[in-house]
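Structure, as structure tokens:
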Amino acid sequence: MRLSRFFLPLLKENPAEAQIVSHRLMLRTGMIRQQAAGIYAWLPLGLKVLRKVERIVEEEMARAGSIQLLMPTLQLADLWRESGRYEDYGQEMLRIKDRHDRDLLYGPTAEEAVTEVFRASVKSYKDLPLNLYQISWKFRDEQRPRFGVMRGREFLMKDAYSFDVDEASARKAYNRMFIAYLNTFSRMGLKAVPMRADTGPIGGDLSHEFIILADTGESAVFCHKDLVDMPAPGHDVDWNDLQGLVDQRTALYAATEEMHDEAAFGEVPEDKKLSARGIEVGHIFYFGEKYSKPMKATVNGPDGEVTVHMGSYGVGVSRLLGAIIEASHDEAGIIWPESVAPFDVAVINLRPGDEACDAACEKAYAALTAAGRDVLYNDTDERPGAKFASMDLIGIPWQLIIGPKGLAEGKVELKQRATGERQTALFDDVLNQLITGPKKIDA
RNA sequence: CGGGGCGUAGCGCAGCCUGGUAGCGCGUCUGCUUCGGGAGCAGAAGGCCGGAGGUUCGAAUCCUCUCGCCCCGACCA
């Protein structure tokens, strides 16, 4: 993408309404624009990151055996009356009437909708286990939206739903999501800690929130330090038996404010105690027959009809962008992890109009693009300083800096955004390294 | 939903108390000079001062209502 033809409305100054760093940076980098309280337009740069985050979620869901579908954002109130939630859900639910005066709602979640899909089509226990998910826009009419996309009213959420023949099988489904979540967040450069969460009326130990530690987090969290640096399980695991891995990550103390148990935390060795703030980016729970029973989602088993056991598993996709920025930024702007960066490389032409610079930049742009890299070619006639500042601001991981001075010796400069490291080397060498990877050039 | 605050140019703000022809910085546009870390000079465009009503000879300024937004708290993916 040539910057001169891209739509990137950067703000030099901080918008007054943005209080926290991710919100400020998302506005300043032209990722989003607020159109109402808690409702945002996703501008091209923001959308690119959103898509990359989605892609990772999709890949990890596929690995865990979940199948994607897409359900409507507007749901019939009657469906929610079946589960009893239409009356229970408060003002957070946006209620709408259509021209025939039928009650609709903009879905804040989709247990009823997916249960309806399930019961209409699945009749045999042989079709279980089943895990269906979607990535779609949800709406919760928050009394007080804030922190940009971290707590908007309209938000993009991945919600998966598992269907199993009994609780033991449902626990396995739960474990698959548990492990998938650790892998998902890890791929985005985040350290997510699973913390025991409130299970509501169901009880038991099957609900966890996945928390990213960040100073600006919404809630206080308490955990054993070792959990924070525990590596993600990766993909080489036995998806049919994950209990060991899950146990390993739930054995140590970890709880959010609401679930905090001072006595239990007291047993954590003093030097391992961690009190911090956190952002919830995922929430998984098992709720058994809560929806399947009233909505009559049953299958025929060998011994007759059984009501299916369900669980649901959410990831705040749009919220994740805020969380990633909270966890990865500096004074100059965003530092995108390579896996979700809107562009892989920025080619910076320091002297557009200079024949040698133009030619070298075009060559780099073409070669990197052909190699599958997502390239932002800064071909504008801004001054170098302004270009450096904006490329740092939007956080492209690698900046290929091409100017007349270096080029006179056949050299260009490669800067890594995360470390600030800048190295000068022969043009072709730098290009090769960017194309073949590892992208970091040797000192 | 309680408490507080703010709506004046694309962004950040002053002006309001004490009514009298709407300002500053950044950005934008033109030109010249610049050009390796957010350039300099000269010029220009851009605002029914959130909306409605009222008071007044006269309202951005005072009064009433209303809409929107932000912050603290309670609530929440």
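Here is how names work: the chains are called A, B, and so on, in the same order as the sequence lines, proteins then strands, and each is numbered from 1.
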Walk me through whether A/Tyr89 and A/Trp80 qualify under ring pair (Phe, Tyr, Trp, His ring centres under 6.0 Å). CA-CA 10 Å; A/Tyr89 228 100; A/Trp80 284 64; 5.7 Å; yes
Taking pairing as Watson-Crick or G-U wobble with both contacts under 3.5 Å, can you name the mate of B/G73, or confirm there isn't one? B/C1
May I ask you to verify if any side-chain N or O of A/Lys12 is less than 4.0 angstrom from the OP1 or OP2 atom of B/C26? no
Taken to the nearest whole Å, CD1/A/Ile39 to C1'/B/C69 is 13 Å
For A/His23 and A/Tyr40, take the angle between the two ring planes, folded into 0 to 90°, and tell me which bin it lands in: parallel under 30, tilted 30 to 60, perpendicular over 60. perpendicular
Please state the C1' separation for the pair B/U64 and B/A59 - nearest whole angstrom. 15 Å
A/Asn378 CG to B/C35 P, straight-line distance once rounded to whole Å: 19 Å
Paired to B/G31 by Watson-Crick or G-U wobble criteria (both distances under 3.5 Å) is B/C41
Closest nucleotide of RNA chain B for A/Ser390 versus for A/Pro15: which of these residues is on the 5' side? A/Pro15
A/Leu8 CG - B/U28 C1' separation (whole Å): 16 Å
Using the P atom on both, measure B/A45 against B/C1 and round to a whole Å. 47 Å
Sugar-phosphate only, base, or nothing, as touched by A/Lys415 at under 4.0 Å among non-hydrogen atoms: base
With no angle test and no hydrogens, is the base of B/G36 tied to the side chain of A/Glu413 by a donor-acceptor pair under 3.5 Å? yes
Quote, to the nearest angstrom, the P distance that separates B/G12 from B/U8. 9 Å
A/Ile394 CD1 to B/G38 P, straight-line distance once rounded to whole Å: 18 Å
Assign a letter to each nucleotide of nucleotides 70-77 of chain B from its 5' end: B, base within under 4.0 Å of a protein heavy atom; S, sugar-phosphate only; -, no contact. SBBBBBBB
Would you say CZ of A/Arg51 has more than 12 non-hydrogen atoms from neighbouring residues, nucleotides or ligands within 6.0 angstrom? no
Members of residues 182-197 of chain A that approach RNA chain B, where some heavy atom sits under 4.0 Å away: none
For the side chain of A/Arg417 and the backbone of A/Gly395, is there at least one donor-acceptor N/O pair under 3.5 Å apart? no
Determine, step by step, whether A/Met1 and A/Val375 satisfy the side chain to side chain contact (heavy atoms under 4.5 Å, CB included) criterion, reporting the C-alpha distance in whole Å, the side-chain angles of both residues, the deciding distance to 0.1 Å, and the verdict. CA-CA 6 Å; A/Met1 179 62 62; A/Val375 185; over 6 Å; no
Looking across every strand, which nucleic acid part, if any, lies under 4.0 Å from A/Gly314 by heavy atom: base, sugar-phosphate, or nothing? nothing
Could you state the CG-P distance from A/Leu10 to B/G12, rounded to the nearest angstrom? 15 Å
In whole Å, what separates the P atom of B/A42 from that of B/C26? 12 Å
Can you name the salt bridge (Lys or Arg N to Asp or Glu O under 4.0 Å) partners of A/Glu92, sequence neighbours left out? none
Interatomic distance, A/Arg351 CZ vs B/G37 P [rounded to whole Å]: 12 Å
Just the rounded figure in Å: distance from P of B/G37 to CZ of A/Phe388. 7 Å
Please report the distance separating the C1' of B/U21 from the corresponding atom of B/G15, rounded so that it comes out in whole Å. 15 Å
Quantified in whole Å, what is the C1' atom distance between nucleotide B/A60 and nucleotide B/A14? 12 Å
Only counting residues at least two apart or in another chain, list the ones meeting salt bridge (Lys or Arg N to Asp or Glu O under 4.0 Å) with A/Glu142. A/Arg151
In the structure shown, which nucleotide is the Watson-Crick or G-U wobble counterpart of B/C16, with both distances under 3.5 Å? none
Touch check for A/Gly406, heavy atoms < 4.0 angstrom, all strands: base, sugar-phosphate only, or nothing? base
Would you say the side chains of A/His283 and A/Ser207 form a donor-acceptor pair under 3.5 Å? yes
Given that both distances must come in under 3.5 Å, which nucleotide forms a Watson-Crick or G-U wobble pair with B/G7? B/C67
When the ring planes of A/Phe185 and A/Phe210 are compared, do they come out parallel, tilted or perpendicular, using 30° and 60° as the limits? tilted
Could you note down all residue pairs passing side-chain hydrogen bond (donor to acceptor under 3.5 Å, both in side chains) where residues 399-410 of chain A supplies at least one of them, sequence neighbours left out? A/Asp392-A/Gln399
Take the protein atom CD of A/Glu13 and the nucleotide atom P of B/A14, then report the distance between them rounded to whole Å. 13 Å
Quantified in whole Å, what is the C1' atom distance between nucleotide B/G23 and nucleotide B/G47? 11 Å
Do A/Tyr377 and A/Tyr365 have ring centroids that are under 6.0 Å from one another? yes
With both distances under 3.5 angstrom, what nucleotide forms a Watson-Crick or G-U wobble pair with B/A22? none
Specify the residue among A/Gly385 and A/Asn14 whose closest nucleotide of RNA chain B lies further upstream toward the 5′ end. A/Asn14
Under the ring pair (Phe, Tyr, Trp, His ring centres under 6.0 Å) rule, what pairs show up with a residue in residues 311-362 of chain A, not counting sequence neighbours? A/Phe6-A/Phe343
Expressed in whole Å, how much space separates the C1' atoms belonging to B/A44 and B/C49? 23 Å
